[in-house]
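Just so it is clear: chains get the letters A, B, ... in the order the sequence lines come, proteins before strands, and each one is counted from 1.
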There are 2 protein chains.
Amino acid sequence: MTRSEENYIKTIFHLGGSDSVPIATNAIAEQMETKPSSVTDMAKKLAEKGLVHYKKYQGVSLTDIGVKTALSIIRKHRLWEVFLVKKLDFSWDEVHEVAEQLEHIKSEKLIDKIDELLDFPKFDPHGDPIPSKDGKFMIRDKQLLSDVPIHTDGVCVGVKDTSPTFLKFLDKNNIALGNTIRILDKEEFDQSLHIQMDGKELHISHQIASNLYVKLND
Amino acid sequence: MTRSEENYIKTIFHLGGSDSVPIATNAIAEQMETKPSSVTDMAKKLAEKGLVHYKKYQGVSLTDIGVKTALSIIRKHRLWEVFLVKKLDFSWDEVHEVAEQLEHIKSEKLIDKIDELLDFPKFDPHGDPIPSKDGKFMIRDKQLLSDVPIHTDGVCVGVKDTSPTFLKFLDKNNIALGNTIRILDKEEFDQSLHIQMDGKELHISHQIASNLYVKLND
DNA sequence: AATTAAATTTAGACAAAACTAAAAATTTGT
DNA sequence: ACAAATTTTTAGTTTTGTCTAAATTTAATT
Ligand SMILES: [Mn+2]
Ligand SMILES: [Mn+2]
Ligand SMILES: [Mn+2]
Ligand SMILES: [Mn+2]
């Protein structure tokens with residue numbers, strides 16, 4: 001598989017998941033910052049190789065082999081992200097770019113050894129699940145902080161927006177995965193939240209709350 | 001720089017070193033398992049970019065920038081090889097192939113952190129020197145075991161042939177870098193050597209001796 | 001010095017992956 | 001149901017890196 005093919009497969013997976021819901025040509029093009037005509041070309045090639053289902057004008061969906069392939073690339077991406085953070089002291093806003101390159105390194109042994117070195121992590125630095133060698137991964141029941149009722153406790157377990165700007169903003173405000181959050185109050189006017197996190201009180205906008213995942217304490 | 005450009009630069013360096021000795025088109029082609037006409041095309045492109053000196057029919061040599069570039073790629077290659085051996089338990093015959101991929105990862109921070117994680121190693125698993133960030137590297141005075149006079153002591157510090165077959169052969173015979181070697185006798189007939197290594201006596205062919213580097217004890 | 005051999009370059013072609021512009025199919029709105 | 005808008009595909013180019021075959025230059029031999 002070429003690097004380009006792998007990037008298409010990964011994008012199709014991210015847009016549609018393992019379901020066989022067909023993804024629109026335009027959606028793929030937009031996500032990959034390329035042109036729809038290029039997507040059509042690649043759709044044909046990937047269909048030829050048995051990685052996607054493709055019917056003219058009907059969109060693209062992954063075959064079983066396509067899903068397996070996607071999960072293997074995502075596994076590599078997320079394991080490398082963990083490696084960079086845990087072993088090389090990268091911050092979580094720096095890892096994605098490098099992982100985009102590292103995910104294409106072809107060596108089964110390499111990624112399995114990295115997995116072992118990291119003690120088989122189940123989630124990446126952004127809280128996203130890491131598929132195992134055989135393609136299984138945990139689905140954690142999490143919800144957006146903005147959807148959580150008032151006066152509830154939870155643990156911060158993930159981010160929806162993974163852009164460096166957002167991540168650096170969270171760093172600046174000492175919001176990190178693993179932190180315990182209690183919602184104290186919600187302003188009806190702008191949906192902003194008063195929360196308590198690790199002792200201190202914070203006031204965060206709806207923007208922020210709608211990009212933070214929490215797991216409610218059971 | 002593209003991956004292909006980087007591979008040409010590296011090959012030119014390996015064939016000619018940092019001297020401005022021009023390397024023949026055919027030599028590059030053979031080393032890279034490509035065709036001379038492809039080399040000519042690339043020579044023009046690299047000259048255009050200021051990485052090599054190139055005059056028609058006169059061969060190719062690296063410019064100062066070309067040498068710096070080559071050293072930076074070799075640095076990455078060898079640091080990754082050390083990483084694979086020291087941190088992921090790869091054997092020295094497995095690392096080259098993977099390092100050929102990893103050397104092209106673009107991230108200054110990544111390779112510097114790997115360097116730090118490994119505690120700034122000076123030599124790779126095959127005994128080859130690792131250039132520092134600013135392109136300097138140690139040149140160890142070593143000689144081929146086959147060139148060493150009889151009854152001398154030395155330490156095994158490198159291999160000339162780095163092919164997996166040779167390296168695995170050395171493993172099988174418990175010959176490893178760092179071992180102390182004493183030459184007991186040489187058979188005039190076939191130039192084979194009787195040596196003592198870590199207590200045990202061994203009989204090795206000229207083939208082997210002429211691919212093993214030793215540093216004489218001073 | 002002329003001829004032959006070897007090395008190198010040119011010219012033209014190809015595959016991969018992208019693009020633009022135009023054509024065709026599908027969806028939407030009235 | 002039909003025209004308009006949108007989406008998608010086709011056709012034809014471009015760039016990068018490679019190739020083959022032919023032409024040219026340099027090196028080696030007689
Ligand atoms: Mn990422
Ligand atoms: Mn991630
Ligand atoms: Mn190597
Ligand atoms: Mn090496």
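Put simply, CD on A:Glu5 is 10 Å from P on C:dA18, counting in whole angstrom units. Atom OH in A:Tyr57 sits roughly 10 Å away from atom P in D:dT8 (whole-Å rounding). Regarding A:Asn7, its CG atom lies at a distance of 14 Å from the C1' atom of C:dA18, rounded to whole Å. When the C1' atom of C:dA7 is taken as reference, atom NZ of B:Lys55 falls 18 Å away, rounded to whole Å. In this structure, the NZ atom of B:Lys44 is 10 Å from the C1' atom of C:dT8, given to the nearest Å. A straight line from CD of B:Gln58 to P of D:dT25 spans 13 Å, rounded to a whole angstrom.
Note on residues 154-167 of chain A: pairs passing side chain to side chain donor-acceptor pair (under 3.5 Å), not counting sequence neighbours, are A:Asp161-A:Ser163, A:Ser163-A:Thr165. Residue pairs satisfying the ring pair (Phe, Tyr, Trp, His ring centres under 6.0 Å) criterion with at least one member in residues 5-50 of chain A, sequence neighbours excluded, are absent.
Considering only residues two or more places apart in sequence or on other chains, A:His206 meets the ring-ring contact (aromatic ring centres under 6.0 Å, His included) condition with none of them. B:His126 pairs by the ring-ring contact (aromatic ring centres under 6.0 Å, His included) definition with nothing, not counting sequence neighbours.
In summary, A:Arg3 and A:Glu100 do not engage in a salt bridge, as defined by a charged side-chain N under 4.0 Å from a carboxylate O. Salt bridge status for B:Arg78 with B:Glu103: absent, with no side-chain N to carboxylate O gap under 4.0 Å. Of the charged side-chain nitrogens involved, none lies within less than 4.0 Å of a carboxylate oxygen, so that B:Lys76 and B:Glu81 do not count as a salt-bridged pair.
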For nucleotides 19-22 of chain D, list the nitrogen or oxygen atoms of the protein found under 3.5 Å from its nitrogen or oxygen atoms, one pair per line.
unit_1	atom_1	unit_2	atom_2	d
D:dC19	OP2	B:Thr34	OG1	2.6
D:dC19	OP2	B:Lys35	N	3.1
D:dC19	OP2	B:Ser38	OG	2.8
D:dT20	O4	B:Ser37	OG	3.1

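Taking a 4.0 Å limit (strictly below) on heavy-atom distances, residues 22-32 of chain B does not reach DNA chain D anywhere.
Considering only side-chain N and O atoms, A:Tyr8 lies nowhere under 4.0 angstrom from the phosphate OP1 or OP2 of C:dA16. Taking side-chain N and O atoms only, A:Ser4 has a distance below 4.0 Å to OP1 or OP2 of C:dA18. Taking side-chain N and O atoms only, B:Thr2 has no distance below 4.0 Å to OP1 or OP2 of D:dT16. The phosphate of C:dT10 (OP1 or OP2) has a side-chain N or O of B:Lys56 nearer than 4.0 angstrom. Taking side-chain N and O atoms only, B:Tyr54 has a distance below 4.0 Å to OP1 or OP2 of C:dT9.
Using cut-offs of 30° and 60° for the angle between ring planes, the B:Trp80 and B:Phe83 rings count as perpendicular.
Partner of B:Arg75 under the salt bridge (Lys or Arg N to Asp or Glu O under 4.0 Å) criterion, chosen from B:Asp134, B:Asp124, B:Asp112: B:Asp112.
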